[in-house]
Amino acid sequence: MKIINVILSGGVGSRLWPLSRKSRPKQYLPIFEGQTLFQKTVLRNKSFSDAIVVVGSKDNYELSRKDLREIGETHYSEIIEACPRNTAAAIAFAAFECDPNDVLFVTPSDHLIEGVDQYGVNVQRAIALAKEGFVVTFGLQPTKPETGFGYIEADGEEVKGFREKPNLDTAEKFLAKGNFLWNSGMFCFQAGTFLAELKSFEPLLYQNSKAAFDSRKEGFLDFDQSMQIPSISVDYAVMEKTKKIKVVPSNFHWSDMGSFESIYDYLIKQGQEPDEFGNMVIGTKIHTEFLGLQDTLLIQTSDAILVLQKEKAQDVKKIYERLEKEHPELVE
């Protein structure tokens with residue numbers, strides 16, 4: 001039985017446009033103390049893992065190879081998706097790659113985690129539960145009424161239910177109740193246990209994922225076969241249906257770095273000061289003044305400028321989606 005760190009690296013980071021593009025998703029931006037979030041993920045999980053499986057896309061696998069090379073990591077397996085089919089299929093590919101008894105510690109590649117001691121305690125607890133046959137998710141103690149995350153209603157390690165991203169009023173109620181956790185998108189289970197549950201709840205997804213995996217060539221999946229796989233999240237496919245679910249309530253500091261509000265908070269910790277009204281410039285050293293504005297961010301790259309109010313950070317994805325249609329060259 002091995003512990004395998006499965007690193008999911010297929011996202012595009014649309015909420016961090018214009019810093020992130022299809023050709024360089026947010027997990028490959030080297031702006032986190034000189035490292036990328038992908039590199040930090042690999043290094044953070046080395047002490048828990050016997051091996052690494054990277055599930056990425058045909059558009060960015062060379063970036064993950066480069067990142068691994070730069071930190072001296074040469075031993076890993078690689079599954080390269082032909083098109084995005086969501087997290088259930090991505091995790092299934094990794095599970096097919098491993099022995100049924102192997103414990104998969106599944107982590108996105110674009111999270112920032114601090115508090116490594118507490119993180120280690122929580123990961124070891126999840127691994128122990130996985131060895132007992134449970135399907136384990138990690139729930140983070142919320143620090144604010146966040147509307148950008150899903151929630152887990154919990155009673156200790158027992159899961160009472162999953163909730164979609166709430167509006168602000170509902171998020172405030174979750175926070176007040178005290179037994180709602182942020183859904184971290186991190187999981188732990190034996191490969192065989194996960195595949196058995198997936199086959200039971202989503203047989204078509206299981207069968208078509210297996211067919212695509214079995215016919216891969218040098219790690220690359222076939223596009224036509226991949227398009228036959230239903231695009232379903234692992235939460236919906238397995239986590240919300242399985243009777244084997246457990247949650248590890250966790251206290252380490254976690255951010256999915258999914259918005260410029262998160263980037264703003266991170267940069268302040270790194271010593272970049274906003275002005276007296278909470279305004280900040282990101283991506284340029286050109287002297288900038290804000291007049292009559294507060295909590296406003298200006299993000300500049302060589303070909304685009306984004307100006308937004310910090311509380312609207314989750315809506316950047318809407319701009320990205322519009323530009324995909326109107327100016328696709330600006331998101332490539």
Side-chain angles (χ1 to χ4, degrees), residues 2 4-14 20-28 38 41-42 51-69 73-100 102 104-110 185 187 189-239 320-321 324-325 328-329 331-332:
K2 293 181 179 179
I4 313 292
N5 182 201
V6 176
I7 301 176
L8 305 181
S9 191
V12 297
S14 55
S20 61
R21 310 291 177 99
K22 288 183 179 179
S23 59
R24 187 173 290 274
K26 63 175 179 175
Q27 62 265 34
Y28 301 113
F38 181 92
T41 300
V42 174
I52 297 169
V53 175
V54 179
V55 185
S57 82
K58 64 179 178 58
D59 296 323
N60 62 34
Y61 72 94
E62 291 180 342
L63 294 174
S64 60
R65 287 179 178 179
K66 176 177 175 290
D67 272 9
L68 287 160
R69 196 163 53 244
E73 195 65 53
T74 57
H75 299 291
Y76 58 91
S77 299
E78 190 177 49
I79 299 165
I80 302 167
E81 293 181 294
C83 52
R85 301 320 292 157
N86 218 314
T87 50
I91 296 170
F93 298 143
F96 290 132
E97 175 78 8
C98 300
D99 185 89
D102 288 343
L104 308 187
F105 176 36
V106 181
T107 61
S109 60
D110 56 0
F187 311 101
F189 34 67
Q190 287 181 298
T193 300
F194 174 79
L195 290 174
E197 295 295 274
L198 182 66
K199 187 175 184 179
S200 172
F201 300 124
E202 296 288 344
L204 181 63
L205 193 156
Y206 174 91
Q207 292 162 12
N208 290 359
S209 297
K210 184 71 162 65
F213 177 82
D214 287 345
S215 61
R216 72 197 186 285
K217 296 179 180 178
E218 297 180 348
F220 288 81
L221 301 180
D222 178 75
F223 178 82
D224 291 332
Q225 283 189 310
S226 297
M227 286 300 293
Q228 301 303 311
I229 302 169
S231 180
I232 303 175
S233 73
V234 68
D235 282 328
Y236 182 79
V238 174
M239 298 295 159
Y320 181 96
E321 291 169 347
E324 271 191 303
K325 301 171 184 174
E329 73 280 1
V331 301
E332 292 299 331

(request) May I ask you to test the Val54-Leu68 pair for a side-chain heavy-atom distance under 4.5 Å? (result) yes
(request) Check each of Arg65, Arg216, Lys58 against Glu78 using the salt bridge (Lys or Arg N to Asp or Glu O under 4.0 Å) test, and report the only one that passes. (result) Arg65
(message) Testing the 3.5 Å rule here: is there a donor-acceptor pair between the side chains of Ser9 and Asn60?
(response) no
(message) Restricting to ring-ring contact (aromatic ring centres under 6.0 Å, His included), what partner residues turn up for Phe93, sequence neighbours left out?
(response) none
(request) Without swapping roles, check the side chain of Ser215 against the backbone of Ala211 for a donor-acceptor pair under 3.5 Å. (result) yes
(request) Name all residues meeting the side chain to side chain donor-acceptor pair (under 3.5 Å) criterion together with Asp214; count only those two or more places apart in sequence or in a different chain, and write none if there are none. (result) Lys210
(request) Answer yes or no: is there a side-chain heavy-atom contact under 4.5 Å between Pro230 and Leu204? (result) yes
(request) Return yes when atom NZ of Lys199 has more than 12 non-hydrogen atoms of other residues, nucleotides or ligands closer than 6.0 Å, and no otherwise. (result) no
(request) Could you tell me which residues satisfy side chain to side chain contact (heavy atoms under 4.5 Å, CB included) with Ala94, sequence neighbours excluded, listed by chain and number? (result) Val6, Val53, Val55
(request) Would you indicate whether the side-chain heavy atoms of Ser14 and Val331 approach each other to under 4.5 Å? (result) no
(request) Provide the full list of ring-ring contact (aromatic ring centres under 6.0 Å, His included) pairs with a residue in residues 216-237, sequence neighbours left out, each pair given once. (result) Tyr61-Phe220
(request) With sequence neighbours left out, write down each residue that passes ring-ring contact (aromatic ring centres under 6.0 Å, His included) with Phe194, or none if nothing qualifies. (result) Phe189
(message) Taking side-chain hydrogen bond (donor to acceptor under 3.5 Å, both in side chains) as the cut-off, I'd like each qualifying pair that reaches into residues 82-95, sequence neighbours left out, listed once.
(response) none
(request) State, to 0.1 Å, how close Asn208 and Gln228 come at their nearest heavy-atom pair, and which atoms those are. (result) ND2-O, 2.6 Å
(request) Decide yes or no on side-chain contact (heavy atoms from CB on, under 4.5 Å) for Cys98 and Lys2, but give the supporting numbers first. (result) CA-CA 9 Å; Cys98 300; Lys2 293 181 179 179; over 6 Å; no
(request) Without swapping roles, check the side chain of Asn5 against the backbone of Ile52 for a donor-acceptor pair under 3.5 Å. (result) no
(request) Dump the intermediate steps for side-chain contact (heavy atoms from CB on, under 4.5 Å) on Tyr28 and Ser64, then the final yes or no. (result) CA-CA 8 Å; Tyr28 301 113; Ser64 60; 3.4 Å; yes
